[in-house]
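For the numbers below, each heavy atom of this structure counts, side chains included, while hydrogens, waters and symmetry mates do not.
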Amino acid sequence: MAVRSVLAAAVAGGCLLALRVPPPARRHRPSLAVVGAGVVLGFPLLTTLALRTSTTAHAAVVVGLLPLTTALLSALRVGARPSRTFWAAALAGAGAVVAFTVQQSGGALTAADGFLFAALLVCAAGYTEGGRLARLMPGWQVIGWALVLCLPVAVPLTAVALAYEPVHPGVHGVAGLLWLAVGSQFVGLVLWYRGMAAVGIPRASQLQLAQPLLTLVWSVLLLGERLTPAAPLTAAAVLVCIAVTQRARG
C-alpha cells in the first residue's frame with residue numbers, strides 16, 4: 001500500500017513539475033488532505049488490515065455500500081439533491097450487491113467489519129471532497145496534489161514495511177505493482193474525479209455498483225474461477241439500477 005502510494009506520488013509530482021502547476025490555494029488544502037487521507041492512505045490501509053482476518057468476498061460488501069455512502073455524503077457536503085427515484089434505485093442496487101457478496105462469503109460477521117466500516121466512511125469522504133474540488137481544478141491535479149501531500153506519511157511507512165517484510169520482486173510482481181501505482185492509484189482516479197465533475201457526485205458514484213461484478217468477471221477470465229447462478233441475476237439487477245440512477249433527475 002505505502003510503496004504504491006510513493007510510486008504514484010512520484011509520477012504525479014513529476015507531471016506537476018513538468019507542467020509547472022502552481023501549488024493549490026490554501027483554501028483547497030484541507031479538502032486535498034481529506035482526499036489523501038481517505039483515498040490514498042485510509043481506504044487501502046483499512047481494507048488491507050481487514051483482509052488479514054476476512055475474505056475478499058466479504059470485503060466486497062464495502063464496495064457495494066460505497067456508492068450509496070458517497071451519494072449521502074455529497075448530499076450533506078455539497079447540497080446535492082437527487083430525486084426519490086434516484087435514491088430508490090441506489091438503495092436497490094446497494095441491496096443487491098450486498099446480498100450477493102454476503103451470500104458469497106457465507107454471511108458471517110467478523111472482527112474485520114470495524115476496519116471495513118471505517119474504510120467505507122473515509123473513502124466516501126475522499127470521493128466527495130475530490131469530486132467537489134474537480135469542479136474547481138482539473139481532476140488530475142486533485143489526485144496529484146493529494147498524493148504529493150501524503151508523501152510525508154507514505155515514505156516512512158514504505159521504509160518500515162520494506163524493513164519488516166523484505167521484497168523479492170519478480171517480473172509479474174513488478175508489473176502488478178506498477179499497474180497499482182500508475183493505473184489504479186493515479187490514472188484511474190484522474191478519470192474518476194473528472195467524471196464526477198462532469199455528471200455530478202451522486203450519479204457518478206452509482207457507476208461503482210458494477211465494480212464487484214466486474215471483479216468477478218475478471219476473476220473468471222484471468223484466474224479461472226467459476227460464477228454461481230446468482231451472479232448473472234445480480235448483474236442484471238444492478239445494471240437496471242445503474243440505468244435508473246443515470247436517468248433520474250436531480
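Taking OG from S83 and CZ from R247, the interatomic distance works out to 12.0 Å, rounded to the nearest 0.5 Å. In this structure, L7 CG and S5 OG are separated by 9.0 Å, a value rounded to the nearest 0.5 Å. Going from atom CG of L151 over to atom CG of L157 covers 11.5 Å, rounded to the nearest 0.5 Å. Here OG1 of T69 is found 11.5 Å from OH of Y127. Values are rounded to the nearest 0.5 Å. Taking OG1 of T245 as the reference point, atom CG of L91 lies at 11.5 Å (rounded to 0.5 Å). If you take CG on L177 and CZ on R4, they are separated by 9.5 Å, rounding to the nearest 0.5 Å.
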N/O donor-acceptor pairs under 3.5 Å from side chains in residues 188-199, not counting sequence neighbours:
| residue | atom | partner | partner atom | Å |
| --- | --- | --- | --- | --- |
| Y193 | OH | G126 | O | 3.2 |

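For E129 (side chain) and L32 (main-chain N/O), no donor-acceptor pair under 3.5 Å exists by modelled atom type. R29 places a side-chain N or O within donor-acceptor distance of the main-chain N or O of P24, the cut-off being under 3.5 Å.
For the pair V39 and C123, the tightest heavy-atom approach, listed with the atom from each and the gap, is CG2-O, 4.3 Å. What you find for L46 and A119 is that their closest heavy atoms are CD1-N, 3.5 Å. Among all heavy-atom pairs drawn from A125 and L73, the shortest one is N-CD1, 3.5 Å. S31 approaches L133 most closely through the heavy-atom pair CB-CD1, 3.6 Å. R135 approaches G200 most closely through the heavy-atom pair NH2-CA, 4.0 Å. The two residues P156 and V153 make their nearest non-hydrogen contact at CD-O, 3.3 Å.
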W145/V35 under side-chain contact (heavy atoms from CB on, under 4.5 Å): CA gap, chis, key distance, verdict: CA-CA 9 Å; W145 285 117; V35 175; over 6 Å; no

Can you list the steps and then say if C241 with Q206 is a side-chain contact (heavy atoms from CB on, under 4.5 Å)? CA-CA 9 Å; C241 292; Q206 298 311 299; over 6 Å; no

Set out, in order, the CA-CA distance, both residues' side-chain angles and the distance that settles side-chain contact (heavy atoms from CB on, under 4.5 Å) for I143 and F186, then state yes or no. CA-CA 7 Å; I143 187 59; F186 183 50; 3.9 Å; yes

Which is it for F43 and L121 under the side-chain contact (heavy atoms from CB on, under 4.5 Å) test, yes or no, and what are the steps along the way? CA-CA 9 Å; F43 185 77; L121 292 179; over 6 Å; no

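In the hydrophobic clustering of this structure, L19 groups with L16; members are Ile, Leu, Val, Met, Phe, Trp, Tyr whose side-chain heavy atoms approach within less than 4.5 Å, directly or through other members. Connection of V21 to L136 is established within a shared hydrophobic cluster, with ILVMFWY side chains joined at heavy-atom distances below 4.5 Å, either directly or through further cluster members. In this structure, W140 is a member of the same hydrophobic cluster as L149, with clusters built from ILVMFWY side-chain heavy atoms closer than 4.5 Å. No single ILVMFWY cluster, assembled from side-chain heavy atoms under 4.5 Å apart, contains both V244 and F86.
You'll find the side chain of V182 reaches within 4.5 Å of the side chain of V187, heavy atoms only. No side-chain heavy atom of T128 sits less than 4.5 Å from a side-chain heavy atom of L76. Here the side chains of L120 and L66 are in contact, with some heavy-atom distance below 4.5 Å.
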